[in-house]
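Encoded as structure tokens, the structure appears first; notes follow it.
Both backbone and side-chain heavy atoms feed into the values below; hydrogens, waters and symmetry mates do not.
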Amino acid sequence: MNLDVLRHSCSHVMAEAVKELWPQTKLAIGPAIEDGFYYDFDKQAPFTDADLLAIEKIMQKIIARDDPFLREELDKIKAIGLFKKLNEDYKVQLIEALPNQAISIYKTGKVFLDLCRGPHIKSTGQIKAFKLLSVAGAYWHGIETNPMLQRIYGTCFETQKELDEYLKNLEEVKLRDHRKLGPALEFFDIYHEEAGAGLVFYHPKGALLRTIIEDYEKKEHLKRGYDMVITPHIMDVGLWKTSGHYDYYRENMYFLNIGDDKPAKNIGGPAQNRGGEFVLRPMNCPGHILIYKSKTRSYKDLPIRLFELGTVYRREKAGVLHGLLRVRGFTQDDAHIFCLPEQLSQEIKAIIDFVFDTMKVFGFDTVGIELSTRPEKSIGSDEDWQRATEALEAALKEKGLKYDVNVGDGAFYGPKIDIKLKDALKRTWQCATIQCDFALPKRFNLAYIDDAGKERQPIMLHRVLLGSLERFIGALIEHYKGELPLWLSPTQVLLIPIKETVLVYAQGVKTKLESHNIRVDMDLRNETLDKKIRNAEINKIPYCLILGDREVKQQQVSVRKKGSGDQGAVVLEEFIGNLINQIQEHK
RNA sequence: GCUGGAGUAGCUCAGUUGGCAGAGCACGUCCUUGGUAAGGACGGGGUCACGAGUUCAAUUCUCGUCUCCAGCUCCA
């Protein structure tokens, strides 16, 4: 049986139940979605949890009746008349938007009918396992200015067992929630009320994790021919007028009304682009562009790859903020590559490789590549957009990668490739993006001198690998359920001395581990061994070393591995050797 | 920004039909010196999100604000 058909049919049954309980309710649409189905209703009073239970009960009744799904076809005029009579305004709108041809409707039971393309299951009795999950607001047709409807989400499976597994998986998702795990593991917190929503505070362990990630990235970028730069967090508004952000991104920018008396020097763009006011940067590009422009560049210098762990601030709408995934201040692993046209394809392919390699090191599979094209609100000529889009597409094709095209979803200055990663629960996360840009080089009058001594315009690539470190750390926490691999764990080894008499020995072990750059903590509290072990497990520390009289006497350490318990005693050097191997292999 | 739900100790949550605010964990002190997931006793900790209003009295009722949660819209 086709699961989408089953779910779609289930949404019809739900709509029938809602109409039975509240006959005045108007129906909008009710499709199957990835994990279930929904139906949008126009009803005055909000649906409550109790209402959902009542609806489920009626649905059970309809399913027990085993009503057949019957298809009928009408011409458009008749269909409009029928749904007008039923007072189903939204259905009338839907039919009016359809081409002038036969309109199909489906009937179930004696009274319920719905505009529907189909197909459906034979009869309601084929629904074996379903559950209504939640209710939420949703705009009619998804357009903000339209009336808001009430959407009931539900899911449906062929068997109860599959439904139970799905519900169990939902619980699993909750357990992995980085918004709970992150503060619990003392990685980060957000002081919504005191400091502001969407602003992240890294506590010592989280800051250490981030430093480990940053160090890895710096090393890897230097290895791959990037230069590191550091640019200011506030810059004159004139720069943002020239870049186009002032016109195309203003509602997301923070302005600092106190500026300098003297307007900034105008670079590129019209003369009115003089500032005197400052902007907290929402992006890093203008800073990198200034560095590119700082001297005359030869074609022999290109490509120039400027990398910065750049913190940016964006004024996101309050309702979209979500843990570390959507914040107002975040740090991108951002680079801008200035290159010759003939270098473009090679650079894009190198970035794609870089993304794949990086994801693998952090333990993710990459999936889902999307190519996004020119949006309505954008700068640059059609010709440039076409060249940029073709360049990205060609690179994907040359690498033999599958991708979807997302029409109109590009940045305002250029088309982009998004690479999504897949976590342990098979959820996807938007992290890496590669954007091809002919527009900003033009606006800022970027140039290089070609082999004939003529001034030419370089092409600019914007790209991030992990995207925002905040979002990526959120993904890491959920992917690993907080149990980070050894090489990323803020505390790699916890020393547990059993009693005070072994403290001298324990201190010696600690010093030795630290001399190998192993991150080690010692639990000196006056607690039982059991308690300290429990604590280490809860804090998801990869290794514990238990140190008592026995270990001192034999000059060994007793190893306990998270999740697999007592590993027995070994000499310290053996343990260290083993650990270093694992760390080097990014395990 | 929109629709709905919510905000009580650091955390997880009780509770008050309007009348002195509660537990477990965590934290502190003391006892206990232990062998692989919670040893014991005692103790500190709260403008019940914030601001108005109603009332003899508001954590509780009303209104507003902020924030969170589930979505919509938007996005790294």
* Asked: What nucleotide among A76(B), A37(B), C27(B) has an atom nearest to a side-chain atom of Arg525(A)?
  -> C27(B)
* Look at the side chain of Tyr139(A) and the base of G1(B), then say whether one donor and one acceptor between them are separated by less than 3.5 Å. => yes
* C1'-based separation of A57(B) from U65(B) [nearest Å] -> 25 Å
* Asked: With a 3.5 Å cut-off and no angle check, do the side chains of Trp429(A) and Glu478(A) form a donor-acceptor pair?
  -> no
* Is NZ or CZ of Arg7(A) both nearer than 6.0 Å to the six-membered ring centre of Phe157(A) and within 45° of the ring axis? -> yes
* Asked: If you measure from the P atom in U55(B) to the same atom in C74(B), how many Å do you get, rounded?
  -> 48 Å
* Asked: Reckon Arg179(A) touches a base, only the sugar-phosphate, or nothing at all at heavy-atom distances under 4.0 Å?
  -> sugar-phosphate
* **Test item: Lys19(A) side-chain N/O and Thr25(A) main-chain N/O as donor-acceptor pair under 3.5 Å** => yes
* Asked: Hey, does Val312(A) reach any base, or is it just sugar-phosphate, or nothing, if we go heavy atoms under 4.0 Å?
  -> nothing
* To do: Mind checking Glu551(A) for me? I need base, sugar-phosphate or nothing, with any heavy atom below 4.0 Å counting as a touch.
  => base
* Asked: Which one, A38(B), G71(B), A76(B), comes nearest to the side chain of Met148(A)?
  -> G71(B)
* Minimum-distance nucleotide to Pro46(A) side chain [options: U73(B), G4(B), C75(B)] -> G4(B)
* Structure fact -> Taking U67(B), C75(B), U36(B) as options, the one with an atom nearest any side-chain atom of Asp409(A) is C75(B)
* Taking only N and O in the side chain of Arg471(A), is any of them less than 4.0 Å away from OP1 or OP2 of C75(B)? -> no
* Asked: Glu193(A) side chain: which of C66(B), U36(B), U3(B) is closest?
  -> C66(B)
* Is Cys431(A) touching bases, backbone alone, or none of the nucleic acid, heavy atoms closer than 4.0 Å? -> sugar-phosphate
* To do: May I ask you to verify if any side-chain N or O of Tyr153(A) is less than 4.0 angstrom from the OP1 or OP2 atom of C72(B)?
  => yes
* Across the strands shown, which category fits Arg151(A) at heavy-atom distances under 4.0 angstrom: base, sugar-phosphate, nothing? -> sugar-phosphate
* Structure fact -> If pairing means Watson-Crick or G-U wobble with both distances under 3.5 Å, then the partner of G24(B) is C11(B)
* Asked: Is the shortest side-chain N/O distance from Thr528(A) to OP1 or OP2 of G39(B) below 4.0 Å?
  -> yes
* To do: Could you check how far CG of Leu170(A) sits from P of C69(B), rounded to whole Å?
  => 18 Å
* Asked: What integer number of Å spans the P atoms of G44(B) and A49(B)?
  -> 24 Å
* For Lys416(A), report the nucleic acid contact type (base, sugar-phosphate, nothing); a contact means any heavy atom under 4.0 Å. => sugar-phosphate
* Reckon Val464(A) touches a base, only the sugar-phosphate, or nothing at all at heavy-atom distances under 4.0 Å? -> nothing
* To do: Nearest-nucleotide wise, let me know which of Leu325(A) and Leu529(A) is further upstream toward the 5' end of RNA chain B.
  => Leu529(A)
* Structure fact -> Rounded to whole Å, CG of Asn535(A) lies from C1' of G39(B) at a distance of 15 Å
* To do: Using the P atom on both, measure U3(B) against U73(B) and round to a whole Å.
  => 16 Å
* Asked: Counting just side-chain N and O atoms, does Lys377(A) come under 4.0 Å of either OP1 or OP2 of C74(B)?
  -> no
* Once the angle between the rings of His322(A) and His178(A) is folded into 0 to 90°, is it parallel (under 30°), tilted (30 to 60°) or perpendicular (over 60°)? -> tilted
* To do: Just call it for Glu500(A): base, sugar-phosphate, or nothing, with non-hydrogen atoms closer than 4.0 Å on any strand.
  => base
* Is the phosphate of A37(B), meaning OP1 or OP2, less than 4.0 Å from a side-chain N or O of Lys532(A)? -> no
* Select one nucleotide: of G1(B), C72(B), A37(B), the one nearest the side-chain heavy atoms of Ile538(A). => A37(B)
* To do: Could you check whether Glu316(A) gets within reach of a base, just the sugar-phosphate, or nothing at all, counting any heavy atom under 4.0 Å?
  => base
* Euclidean distance, atom NE2 of residue His322(A) to atom P of C69(B) [Å, nearest integer] -> 7 Å
* Sugar-phosphate, base or nothing in reach of Gly548(A), heavy atoms under 4.0 Å -> base
* To do: Using the closest heavy atom to pick a nucleotide of RNA chain B for each, name whichever of Ile143(A) or Leu149(A) lands nearer the 5' end.
  => Leu149(A)
* Asked: With distance as the sole criterion, is a donor-acceptor pair present between the side chains of Glu308(A) and Asn284(A) under 3.5 Å?
  -> no
* Measure from the side chain of Ala197(A), starting at C-beta and using heavy atoms only, and say which of U36(B), A76(B), C68(B) lies closest. => C68(B)
* To do: Could you give the distance separating G28(B) and A14(B) at their C1' atoms, to the nearest angstrom?
  => 25 Å
* To do: Ignoring backbone atoms, test whether Lys317(A) places a side-chain nitrogen or oxygen under 4.0 Å from the OP1 or OP2 oxygen of C74(B).
  => no
* To do: Using the P atom as the reference point in each nucleotide, state the distance between A6(B) and G10(B) in Å, no decimals.
  => 23 Å
* To do: Would you mind classifying the nucleic acid contact of Asp530(A) as base, sugar-phosphate or nothing, using non-hydrogen atoms under 4.0 angstrom?
  => sugar-phosphate
* Parallel, tilted or perpendicular: which fits the ring planes of His245(A) and Tyr413(A), with parallel below 30° and perpendicular above 60°? -> tilted
* To do: Assess whether side-chain contact (heavy atoms from CB on, under 4.5 Å) is satisfied between Asn578(A) and Gln582(A), documenting all intermediate values.
  => CA-CA 6 Å; Asn578(A) 184 320; Gln582(A) 289 187 60; 2.9 Å; yes
* To do: Compare the minimum distances between each of G34(B), C72(B), U3(B) and the side chain of Ala138(A), then state the nucleotide with the smallest one.
  => C72(B)
* Using the C1' atom as the reference point in each nucleotide, state the distance between C48(B) and G19(B) in Å, no decimals. => 16 Å
* G34(B), A37(B), G39(B): which one has an atom nearest the side-chain heavy atoms of Glu527(A)? -> G39(B)
* P spacing across the pair G18(B) / C61(B), given as an integer number of angstrom -> 8 Å
* **Check: Arg151(A)/Tyr153(A) side-chain N/O donor and acceptor closer than 3.5 Å** => yes
* Structure fact -> Leu524(A) atom CG is separated from U33(B) atom C1', nearest whole Å, by 14 Å
* To do: Just call it for Lys180(A): base, sugar-phosphate, or nothing, with non-hydrogen atoms closer than 4.0 Å on any strand.
  => sugar-phosphate
* Spacing between Glu34(A) atom CD and G71(B) atom P, to the nearest angstrom -> 13 Å
* To do: Could you state the atom-to-atom distance from CZ of Phe330(A) to C1' of A76(B) in whole Å?
  => 5 Å
* **Side chain Arg314(A) and base C75(B) donor-acceptor under 3.5 Å** => no
* To do: Tell me what Thr48(A) touches on the nucleic acid: a base, only sugar-phosphate, or nothing, going by heavy atoms under 4.0 Å.
  => nothing
* Verify whether one side chain among Arg210(A) and Thr331(A) offers a donor that lies under 3.5 Å from an acceptor in the other. => yes
* Over how many whole Å does the gap from Asn406(A) atom CG to A76(B) atom P extend? -> 11 Å
* Atom-pair distance (CG on Leu321(A); P on U67(B)), nearest Å -> 9 Å
* Asked: Of the nucleotides U33(B), A37(B), A70(B), which one has an atom closest to the side chain of Ala136(A)?
  -> A70(B)
* Leu208(A) backbone acceptor or donor facing Arg519(A) side chain under 3.5 Å -> no
